[in-house]
Amino acid sequence: MRVYDIIKKKRDGFELSTEEICFIVNGATSGSIPDYQLTAFLMAVYFKGMSSRETLDFTLAIASSGDKVTAKINGIKADKHSTGGVGDKTSLIIAPTVASLGLKVLKMSGRGLGHTGGTVDKLESIKGFNVSLDYSEFLRLGETNGVVIIGQTKNLAPADKVFYSLRDVTATVDSIPLISASIMGKKLTADDDVIVLDVKTGEGAFMKTLESAKELAKTMVEIGKGAGKKISAVITDMNEPLGYAVGNALEVKEVINVLKGEKVSDLLEVSLELGAEMLYLSGYGDKNYCKSQFLKAIENGSAYSKFKEFVSAQGGSLQDFENGNYLAEYSLEVKAQQSGYISGLNAELIGRCALSLGAGREKVSDKIDYKAGVVLTKKVGDSALKGETLATLYTSNKELFKNAETLFNSSVTISLKKVRKASCIIDVI
Ligand code: URA
């Protein structure tokens, strides 16, 4: 078999055999296929798509490219996974909250992808936090604390690690088969009983239209059900960033605030829906009861206690967040250029703005400025007077402000008419 022939076959729109797909995935895992051929393959899939059979084969090959978590854990193992958003820090709210209610969350998360952030990068903004635990420690903490989050290890779905970092820098992220195989390939290695997917749609999502988001959700739910999982997908709005903070340490601070009881409405709405769905699929009770228990865990402090326990078990210290030392050296306030109501805050442009301030990577080898990012002052629906602050930009390199400010300004739409903010929860599949 020749990689060249497989790329050409896909480029010309033909269906690949199971053997051909496995050949590519095995070559990505072993390193025998060079990056330039892998990216050509990814681009061919991006343009020509994959049939359901090819997507399933690709997912299973990724899931089998390394070890699987096989050890038995007492209790119900539940996980959530997002298709990627801007300001999406829900995992860090949900995981400790549902763990405080008895679920076991042994989570493998990703890094930032394209204009979206990644949970692992956010966790690494916490001083000392170790996302590279070995397997036995991962299991031990999952069993004893009920929540543990690591990065993609070399051994779990290693093929996805290779594809993910190449897609991030070659504009091949927003493809239904590639996203499905990436997410479900990872999820199937973890042997969870329950999986809840957060499929984002809108300006800041990889799936810009509701139709494509639904297709992605159905593809992944089908794969999960076929593998015997209790699984559902919640379709959520990603037109404006979730919450106010975009950027790693800034988002961790917002998580702490929410877990301490601050009501950041859209962020709490999405976290509540996903967390309650995890509890519901785990047999905890009906959906309303699950919602009430989720909120109670935040109100009575048990979710925040669990978060602190989780951070410290993985070597992290929250001291910088407690004493205000999580902001980058330089800041710039961006002002409204006219008076009116905020009718749009394009999440993709704000994600790119945060990236341009240093909060993410443009190339695989880029180093992240963990304190960089954007903190919104206004959200869609709010009124603003000309000259009022819409957001504050943070970075350690003030030369980056010029481009970032232009990007931020281009993300904002102000209307003279009052704007009503819709619910972030669009559908459950
Ligand atoms: N999250 C993933 O894990 N993979 C994707 O392709 C997109 C989002």
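FYI, the numbering just counts along the sequence from 1. Read the numbers this way: they start at 1 and go in the same order the structure lists the ligands and their atoms. Computed from a predicted model, the values in this text were never measured in an experiment.
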**Student:** Which residue supplies the protein heavy atom nearest to atom 7 (C) of ligand 1, what is that atom called, and how far is it?
**Tutor:**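 Answer for atom 7 (C) of ligand 1: L113 CD2, 3.5 Å.
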**Student:** State, to 0.1 Å, how close K77 and D191 come at their nearest heavy-atom pair, and which atoms those are.
**Tutor:**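 That closest heavy-atom pairing would be CE-O, 3.2 Å.
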**Student:** Just to be sure I read this right, does ligand 1 sit under 4.0 Å from the backbone of D160, its side chain, both, or neither, counting only heavy atoms?
**Tutor:**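 Contact part for D160 vs ligand 1: neither.
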**Student:** Check each atom of ligand 1 against the heavy atoms of K186 and keep those under 4.0 Å away; list them by number with element.
**Tutor:**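 Near K186, the atoms of ligand 1 are 2 (C), 3 (O), 4 (N).
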**Student:** Using a 4.0 Å cut-off to any heavy atom of H81, which atoms of ligand 1 qualify?
**Tutor:**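 Listed by number with element, the hits are 1 (N), 2 (C), 3 (O).
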**Student:** Considering non-hydrogen atoms of the protein only, which is the closest contact for atom 4 (N) of ligand 1, and what is the distance?
**Tutor:**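 Answer, as residue, atom name and distance: S182 OG, 2.6 Å.
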**Student:** Under 4.0 Å from a heavy atom of Y164: give me the atoms of ligand 1 that qualify, with their elements.
**Tutor:**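 Heavy-atom distances to Y164 below 4.0 Å select 2 (C), 3 (O), 4 (N).
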**Student:** Between F163 and F58, is the ring centre distance below 6.0 Å?
**Tutor:**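 Yes, ring centres under 6.0 Å apart.
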**Student:** Tell me if the centroids of the rings in F129 and F310 come within less than 6.0 Å of each other.
**Tutor:**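 Yes, they do, as the ring centres are separated by less than 6.0 Å.
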**Student:** Would K306 and T97 count as a side-chain hydrogen bond (donor to acceptor under 3.5 Å, both in side chains) here? Give the steps.
**Tutor:** CA-CA 7 Å; K306 186 53 85 177; T97 306; over 6 Å; no
**Student:** Does atom CZ of F14 have more than 12 heavy-atom neighbours, drawn from other residues, nucleotides or ligands, at distances under 6.0 Å?
**Tutor:**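 Result for CZ/F14: open.
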**Student:** Would you indicate whether K287, at its atom NZ, is surrounded by more than 12 heavy atoms from other residues, nucleotides or ligands within a distance under 6.0 Å?
**Tutor:**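 Yes, the 6.0 Å shell around NZ holds more than 12 heavy atoms from other groups.
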**Student:** Flag R167 as yes when one of its N or O atoms lies below 3.5 Å from any N or O atom of ligand 1, and as no otherwise.
**Tutor:**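 In this structure, R167 places an N or O atom under 3.5 Å from an N or O of ligand 1.
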**Student:** Show the atoms of ligand 1 that are less than 4.0 angstrom away from any heavy atom in T83.
**Tutor:**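 Per the distance check, 7 (C), 8 (C).
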